[in-house]
Amino acid sequence: MRIEAAELRILELPLKFRFETSFGVQTKRTILLLRLFGEGLEGLGEGVMERLPLYREETVEGARYLLEEVFLPRLLGQDLPNPEALAEALRPFRGNPMAKAVVEMAFYDLFAKGLGKPLWQVLGGVRTRVEVGVSLGIQPTVEDTLRAVEKHLQEGYRRIKLKIKPGWDYEVLKAVRQAFPEATLTADANSAYRMADLPRLERLDELGLDYIEQPLGYDDLLDHARLQARLKTPICLDESLTSAEKARKAIELRAGLVFNLKPARLGGHGESLKVHALAEAAGIPLWMGGMLEAGVGRAHNLHLATLRGFTKPGDVSSASRYWEEDIVEEALEAEEGLMPVPEGPGIGVTLKLPFVERVTLWRRYVSA
Ligand code: OSB
Ligand code: MG
């Protein structure tokens, strides 16, 4: 498949809710959107980096620079036999998995379309619907939290994840646990704790959480392993897993007994398949993470989540939760906690171009 041209855009999309985590508040998303053109087909990719490096180090501006000035010029005009060849062409450049993932995933879409197959089949998926949970931001009060949990359980979400931070953890989780004794409940700290917080984290053990997500440093494995040895509740790694190499070390150290897999954090689908294989061999359950993606990123995540190792509900909730209007034509909506994977070749969604145009802040066409 020859990539003949590319279009890079930066979009701004307002969120329907205020999303507060231990690292900040989000009210909109700034989205890097890539369209790759080849053989009369179009492949789509969506960046998950934010404007500021508050989750991982990458930023929209940094990724825009790398894609526009470095990655795309290197890839355009080349005849790439498969997505592995594209990953190989970008290998000399260190790190920056999120920037690489934008083009790698867009190429997977293009490649699958070239084969006339849905992406999930090309990736080796085994199902056509994905179990979904919901990630709820820090709310103003415990009462607001209870109301939000009840609403989302009624909507059919199969797991409730609450964002926590020191001072907003045990009490709110305890209240939710008491009100909903049967709910599958998890907590995501986004790296807000230190080892010195051990007594505070040990208290969470009594709440029957399915896992505690990324309590410690955003790049840490060793302290997580030490913490895991002290907790009954499984630790789930998110931020720290940026490559299959990191996953291998996490497994060896027992730094986490569950993995949140986000293809965009790992550099794309190819690296995700490697992590999937390692996790499966080690008996580590996976679930599909989310980065508040719009329709393109969400569709990619859904296709990958059809693989056998994704045995826990993912953060791939309905698009209508996030947006008044999505950037794709297809409605990505869950029903009774199950999200159907979009049908058709590739990721199975098409851009709603007039709307995309309206929310575009910046646009650049790159040709070979
Ligand atoms: O830690 O999983 C996270 C959103 C942005 C950045 C990091 C995270 C999240 C979420 C939201 O938890 C998941 C979603 O609904 O897309
Ligand atoms: Mg997380």
Side-chain angles (χ1 to χ4, degrees), residues 45-46 48 56 82-88 90-91 97-98 100-109 111-112 115 117-133 158-159 186 210-211 213-214 221 224 234-291 293 297-316 338-339 341-342 346-348:
E46 175 182 333
V48 303
R56 291 262 351 155
N82 50 45
E84 292 75 47
L86 181 139
E88 201 48 47
L90 297 184
R91 201 170 312 285
M98 290 179 179
K100 288 174 180 169
V102 176
V103 62
E104 197 258 11
M105 292 166 78
F107 188 68
Y108 251 105
D109 181 26
F111 180 71
L115 299 173
K117 287 185 180 175
L119 179 60
W120 69 269
Q121 281 181 16
V122 174
L123 294 170
V126 295
R127 54 187 146 240
T128 54
R129 292 189 303 175
V130 170
E131 268 201 300
V132 292
R158 297 187 178 194
R159 175 271 280 147
T186 74
D210 199 38
Y211 50 79
E213 191 175 335
Q214 195 76 26
L221 294 178
H224 280 98
I235 290 177
C236 170
L237 292 176
D238 174 0
E239 277 89 333
S240 290
L241 295 177
T242 51
S243 66
E245 265 298 284
K246 290 289 290 286
R248 177 181 70 76
K249 291 172 185 176
I251 290 167
E252 198 170 316
L253 283 167
R254 290 179 66 79
L257 304 177
V258 177
F259 287 174
N260 167 338
L261 197 155
K262 295 176 180 172
R265 189 196 59 225
L266 286 164
H269 289 304
E271 197 73 8
S272 301
L273 294 178
K274 292 183 196 167
V275 173
H276 179 269
L278 289 170
E280 197 161 48
I284 297 217
L286 299 175
W287 56 275
M288 178 54 61
M291 294 289 288
E293 287 91 343
R298 192 165 305 276
H300 273 287
N301 290 352
L302 282 168
H303 281 269
L304 183 62
T306 65
L307 268 75
R308 191 169 49 203
F310 290 85
T311 53
K312 291 180 179 291
D315 280 346
V316 269
L338 287 172
M339 183 80 111
V341 178
I347 55 173

Problem - Partners meeting side chain to side chain contact (heavy atoms under 4.5 Å, CB included) with Glu104 (sequence neighbours left out) - result: Leu86, Tyr108, His269
Practice task
Could you pull out the closest heavy-atom pair between Ala106 and Gly45, with the gap in Å?
Solution key: CB-N, 3.5 Å
Problem - With sequence neighbours excluded, residues passing side chain to side chain contact (heavy atoms under 4.5 Å, CB included) with Ala250 - result: Leu221, Leu237, Leu241, Ala255, Phe259
Problem - Residue list, side-chain hydrogen bond (donor to acceptor under 3.5 Å, both in side chains) with Arg159, at least two apart or on another chain - result: Tyr211, Asp315
Practice task
For side chain to side chain contact (heavy atoms under 4.5 Å, CB included), just list the numbers for Val258 and Asp210, CA-CA rounded to whole Å, side-chain angles, deciding distance to a tenth of an Å, and then say yes or no.
Solution key: CA-CA 10 Å; Val258 177; Asp210 199 38; over 6 Å; no
Problem - side chain to side chain contact (heavy atoms under 4.5 Å, CB included) partners for Glu88, two or more places apart - result: Arg91
Exercise for the section: Report the residues that fulfil salt bridge (charged side-chain N to carboxylate O under 4.0 Å, His left out) with Arg127, sequence neighbours left out, ordered by chain and then residue number. Expected result: none
Exercise for the section: Calculate, to the nearest 0.5 Å, the distance between atoms CZ and CG belonging to Phe310 and Leu302 respectively. Expected result: 11.0 Å
Exercise for the section: Search all heavy atoms of Pro342 against all heavy atoms of Ala299 and return the closest pair with its distance. Expected result: CG-CB, 4.2 Å
Problem - With sequence neighbours excluded, residues passing salt bridge (charged side-chain N to carboxylate O under 4.0 Å, His left out) with Glu293 - result: none
Practice task
For the pair Glu252 and Lys249, find out whether any cationic side-chain nitrogen is under 4.0 Å from an anionic carboxylate oxygen.
Solution key: no
Practice task
Apply salt bridge (charged side-chain N to carboxylate O under 4.0 Å, His left out) to Glu239 and list each qualifying residue two or more places apart in sequence or on a separate chain.
Solution key: none
Exercise for the section: Please name the pair of heavy atoms, one in Gly124 and one in Leu307, separated by the smallest distance, quoted to 0.1 Å. Expected result: O-CG, 3.9 Å
Completion exercise
d(Met105 CE, Phe111 CZ) to nearest 0.5 Å is 15.5 Å
Fill in the blank from the handout: Note: Trp287 and Cys236 closest approach over all heavy atoms is NE1-SG, 3.4 Å
Handout entry: Straight-line distance of Thr128 OG1 to Met339 CE, nearest 0.5 Å
Key = 13.5 Å
Handout entry: Lys274 side chain reached by Ser243 side chain, heavy atoms, under 4.5 Å
Key = no
Handout entry: Side-chain (Glu271) to main-chain (Ala244) donor-acceptor, under 3.5 angstrom
Key = yes
Handout entry: Given Val316, Leu123, Val130, Val341, the one that forms side-chain contact (heavy atoms from CB on, under 4.5 Å) with Leu304
Key = Leu123
Handout entry: Set of residues satisfying side-chain hydrogen bond (donor to acceptor under 3.5 Å, both in side chains) with respect to His224, sequence neighbours excluded
Key = Asp220
Practice task
Report the distance from atom CG of Leu119 to atom NE2 of His300, rounding to the nearest 0.5 Å.
Solution key: 7.0 Å
Handout entry: For the student: nearest non-hydrogen atoms of Gly133 and Pro313, plus distance
Key = N-CB, 3.7 Å
Practice task
Keeping the roles fixed (side chain from Arg265, backbone from Asn260), state whether a donor-acceptor pair exists under 3.5 Å.
Solution key: yes
Problem - Pairing residues for Leu257 by the side chain to side chain contact (heavy atoms under 4.5 Å, CB included) criterion, not counting sequence neighbours - result: Gln228, Pro234, Arg254
Problem - More than 12 heavy atoms from other groups under 6.0 Å of NZ on Lys117 - result: no
Completion exercise
Distance col, row Arg248:CZ vs Leu253:CG, nearest 0.5 angstrom, shows 10.0 Å
Handout entry: Closest heavy-atom pair and its distance - His303, Pro118
Key = CE1-CB, 4.4 Å
Handout entry: Separation of Glu131 CD from Arg158 CZ (nearest 0.5 Å)
Key = 4.5 Å
Handout entry: Note, Asn301 side chain near Pro263 side chain (heavy atom, < 4.5 Å)
Key = yes
Exercise for the section: Please identify each residue that fulfils side-chain hydrogen bond (donor to acceptor under 3.5 Å, both in side chains) with Ser272, with sequence neighbours left out. Expected result: none
Could you list the donor-acceptor pairs under 3.5 angstrom formed between side-chain atoms of residues 278-286 and any protein atom two or more places apart in sequence or on another chain?
residue	atom	partner	partner atom	Å
Glu280	OE1	Arg308	NH2	3.3
Glu280	OE2	Arg308	NE	2.9

Handout entry: Under the side-chain hydrogen bond (donor to acceptor under 3.5 Å, both in side chains) test, residues paired with Lys100 that sit two or more places apart
Key = none
